[in-house]
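Below, chains carry the letters A, B, ... as their sequence lines are ordered, and counting in each starts from 1.
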There are 2 protein chains.
Amino acid sequence: MSLTKAILDLRAILGKENVVTAKEDLLCYSFDATAGMPEHLPDVLVTPLSVKQVAEVVKVANRYKLPVYPRGSGTNLSGGTVPIRGGIVLSLLKMNKILEVDPENFVAIVQPGVIIQTLNTTVAAYGLIYPPDPGSMATATMGGSVAECSGGLRGLKYGVTRDYVMGLEVVLANGDVVRFGGKTVKNVTAYDMVRLFTGSEGTLGIITEIIVRLIPAPEARKTMLASFKDLTSAGNSILGIIQSKVIPATMEIMDRVTMETVENHAHVGLPTGAEAILLVEVDGIPEVVRREAATVRKVITRNGGTVKAAADDRERDQLWAARRAALPALAQKRPTTILEDATVPRSKITDMLLAIQDIGRRYKLTIGAFGHAGDGNLHPTILTDARDSEEMERVHQAVDEIFKAALAMGGTLSGEHGIGMAKARYLPWEFGEKGVQLLQKIKEALDPGCILNPGKLIPRGEGQV
Amino acid sequence: MSLTKAILDLRAILGKENVVTAKEDLLCYSFDATAGMPEHLPDVLVTPLSVKQVAEVVKVANRYKLPVYPRGSGTNLSGGTVPIRGGIVLSLLKMNKILEVDPENFVAIVQPGVIIQTLNTTVAAYGLIYPPDPGSMATATMGGSVAECSGGLRGLKYGVTRDYVMGLEVVLANGDVVRFGGKTVKNVTAYDMVRLFTGSEGTLGIITEIIVRLIPAPEARKTMLASFKDLTSAGNSILGIIQSKVIPATMEIMDRVTMETVENHAHVGLPTGAEAILLVEVDGIPEVVRREAATVRKVITRNGGTVKAAADDRERDQLWAARRAALPALAQKRPTTILEDATVPRSKITDMLLAIQDIGRRYKLTIGAFGHAGDGNLHPTILTDARDSEEMERVHQAVDEIFKAALAMGGTLSGEHGIGMAKARYLPWEFGEKGVQLLQKIKEALDPGCILNPGKLIPRGEGQV
């Protein structure tokens, strides 16, 4: 049997200890952090230790026509790592070295298994930061984060993962190892391969080394909590702050449903009577922080909100812990949490919040909304129960309507979670048939046998095995 | 004859006035701003007025197997717009409308023929800027600039074109019209098509609409001129400034050859006795500018340089005019100016400057070096005479050595000018054979007939007509 032969080949390459086939061990690789996704057992789990081994595994996969599912910590929220067609799960967790921190060029070179937070802790010693900060940064890997092009709370001021990836080493579907980019701030040599692979969700190649840009850590920061009697005032404040030419490091919103849930869960003194709160943090040199904080306060007050500034680091940490508790707190209320990341232009944030409320009402669903208000990246979160098929039908319809609303406002299906399995069927709504055909052509050109993460990103079509 | 038929078809689509075939009119489309490139007459010049017309032209090109050479103002420096295989030059200069300035979302939507400076003048009324500022910004078009992924003087702090393109409308090689991205700050929906087409040099599609991000204009700025007795002190100052966590908006270097040429040309009082000068500009709110200027001054003095700050706008403008005169001033000295943009990691800037000096000495050539020191993006400029074949032989060898030196230092072939015809043959040095094969696969997938800007970017191979 060819699977048995493939496993023998894999053992010869990786050693017995790095090839796992026991069902009980494979079980936790049959799903990822995404709720409501189909699950599937892989045939085998491999944990290579070098790019050479990754390339050899890919060659075995080609030989036996087995899918390869690259995986970091599996924290993605689009079903991106589920081995939906079986085959090989290729875990990069053992390739977890920080290869270099170069403080002269503000650059770090890491293997894909490095945890984002570990990188940040390491570069902090040089007064530097790696800005992308997805909610999962304490467990998510750099490889997964680059493959998904993660966003995070600081995206408004500092941008997202693609803005920090300077170079990549990638194993292609045919086992070729290629390298692009490097330590230079500017690079326009040939097509932008660094950014084609960043966010390609493991469907075009397997990332085996990453060169990232670092920036100086801000010297000071100020965190403020603003509460509002209605969504519109919160939305107008968001716009007003940006119009005043202040770009906060973070500007997060929570609606009443989310906030009350968090408060019941965490008891940090959130103003539960309010209809919405904003959490705003400005950073930079102290003079800038003082000035920008004053502007933020003025704009919020003018819009009828009340502002409270964190007096010290303890209060600041408490506020951010509350924000980071939004998803886990919501998730406790019902058995299933469907988290989306429909994103709209900043000017449409109020419209989108109101649309989500309306959709929740019409489909009789509890939908909490929170997220990165400054960049229009909301997280409408439907609390439901996957075992209740009648309710799930309404959930699917509501999700459809959320995406339709976002696209009608000039938005996008995904601000930071990617497409994966969760949103592939919506892709033609945003890209059109011709746009999807273009994606398929690229996939076919780079992975003609469709062995890399099949069943993801590209809607099922001729190009998809 | 099929060309005659094609021209009839083009006239039917565009009207007689937008289809030019007179040789005297075609002559100025046979070359571009790049020196030392082969020239070639196109068969016909078309100036479409709409995306629909562009798509129709591409369909005609397919029907008659004619190459299509998209063109803005032709200011590129890699031979990117030369119609080296004849056929159709498709000028986008008549599609030159600013379609929208959206001050709420800090976004502008433009047609490809809009001049970069025109966009900046327009958005200035809203207190916003479009940061990419290639030397040619007064004549270069947005379409050309996105197709080439232009850099510029402000790249160090503000990034390059790819950091500002949020969305594109593109006509593909088969005439399909596709759109990606939009006004949202975050977007990870499917492969990063916006950045694949940005910098693709017209070889994958024709850009017909561009959505760009704008940022608030800095409130204040300070420009300083520093002079040094040797290159190493200048290089150490560049590193020292960045190590102090100051990221200037611009940090430009000129070596002695360049500076003396500029001074003889422009008489602005540059310190011609010095071995190198740095032009540094910091910007931001006044408190930041004050503080950062003090740091810059301290670092330069510590490294043995002398600093002079521009007292007023007039002096500032004079300094920048001197910098912008570097290339034209050098170009006056000899009949032919070969301008390169080999780029190294910032920490290698001194090594690279010394390597260029050494190469100039060994090949008995006058090479001026200037450029964007803060981001390692140098412009070694060889002054020569294309009619002197013996000297040109030495020029080609020197250019080879410059690229080898840059790559050996972890640099790249092109920081901001692109590959075009000028550097295609060097591509395997940076990408390797397998990397080049990957580029060819993408080109073949998107343009199987190789009708879009053939003869550019991709080294000649099976994939290239």
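Of the two parts of A:Val288, the backbone and the side chain both hold a non-hydrogen atom closer than 4.5 Å to a non-hydrogen atom of chain B. Only the side chain of A:Leu427 comes within less than 4.5 Å of a heavy atom in chain B; its backbone stays farther off. For A:Asn187, the parts sitting under 4.5 Å from any heavy atom of chain B are the backbone and the side chain alike. Using a 4.5 Å cut-off between heavy atoms, A:Asn377 contacts chain B through its side chain alone, with no backbone atom that close. Heavy-atom distances place no part of A:Ile215 under 4.5 Å from chain B, backbone and side chain included. For A:Glu219, the part lying near chain B is the side chain, with the backbone staying farther off; criterion is any non-hydrogen pair under 4.5 Å. Only the backbone of B:Glu148 has a heavy atom closer than 4.5 Å to any heavy atom of chain A. Only the side chain of A:Leu239 comes within less than 4.5 Å of a heavy atom in chain B; its backbone stays farther off.
The shortest side-chain heavy-atom distance between B:Ile242 and A:Asn105 does not fall under the 4.5 Å cut-off. Contact annotation: the side chain of B:Val170 never approaches that of A:Leu438 to less than 4.5 Å [non-hydrogen atoms, C-beta and beyond]. By the 4.5 Å heavy-atom criterion applied to side chains, A:Thr184 and B:Asp375 are not counted as neighbours. Here the side chains of A:Phe180 and B:Thr412 are not in contact, with every heavy-atom distance at 4.5 Å or above. Within the 4.5 Å cutoff, the side chain of A:Arg195 has no heavy atoms near those of the B:Thr198 side chain. Residues A:Phe431 and B:Met193 form a side-chain contact, since some pair of their non-hydrogen atoms from C-beta on lies under 4.5 Å apart.
Between chain A and the residues B:Val178, B:Thr161, B:Leu204, the most heavy-atom pairs under 4.5 angstrom are made by B:Leu204. The candidate from B:Glu287, B:Lys245, B:Lys441, B:Glu430 with the greatest count of non-hydrogen atom pairs under 4.5 Å with chain A is B:Lys245. No other option in B:Ile442, B:Val160, B:Leu196 has as many heavy-atom pairs under 4.5 Å with chain A as B:Ile442. Chosen from B:Ser78, B:Pro345, B:Gly374, the residue pairing most often with chain A at heavy-atom distances under 4.5 Å is B:Pro345. Per-residue counts of heavy-atom pairs under 4.5 Å with chain A were compared for B:Ala217, B:Gly411, B:Gly152; the largest is that of B:Gly152. Counting heavy-atom pairs under 4.5 Å between each of B:Ser200, B:Gly167, B:Gly159, B:Gly181 and chain A puts B:Ser200 at the top.
Nearest heavy atoms, B:Leu439 versus A:Ala190: CD1-CB, 3.6 Å. Taking every heavy atom of both residues into account, B:Gln243 and A:Pro103 meet most closely at NE2-O, 3.0 Å. Contact detail for A:Lys186 and B:Gly155: the closest heavy-atom pair is CE-CA, 4.3 Å. Listed here is the closest heavy atom pair of A:His417 and B:Val188: N-CG2, 3.8 Å.
With sequence neighbours left out, A:Arg162 forms a side chain to side chain donor-acceptor pair (under 3.5 Å) with B:Asp192. Scanning for side chain to side chain donor-acceptor pair (under 3.5 Å) contacts around B:Lys348 gives an empty result, with sequence neighbours left out.
Geometric assessment of B:Arg346 against the ring of A:Phe106 yields a positive cation-pi assignment under the 6.0 Å and 45° thresholds.
Panel note: side chain B:Lys434, backbone A:Arg179; no donor-acceptor pair is recorded below 3.5 Å.
A:Thr189 and B:Tyr426 are not linked by any side-chain donor-acceptor pair at a separation below 3.5 angstrom, with hydrogens and angles left out of the test.
With rounding to the nearest 0.5 Å, the separation of NZ in A:Lys443 from OH in B:Tyr191 is 5.0 Å.
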Side chain to side chain contact (heavy atoms under 4.5 Å, CB included) between B:Asp163 and A:Asp163, intermediate numbers included = CA-CA 7 Å; B:Asp163 301 308; A:Asp163 301 309; 4.3 Å; yes
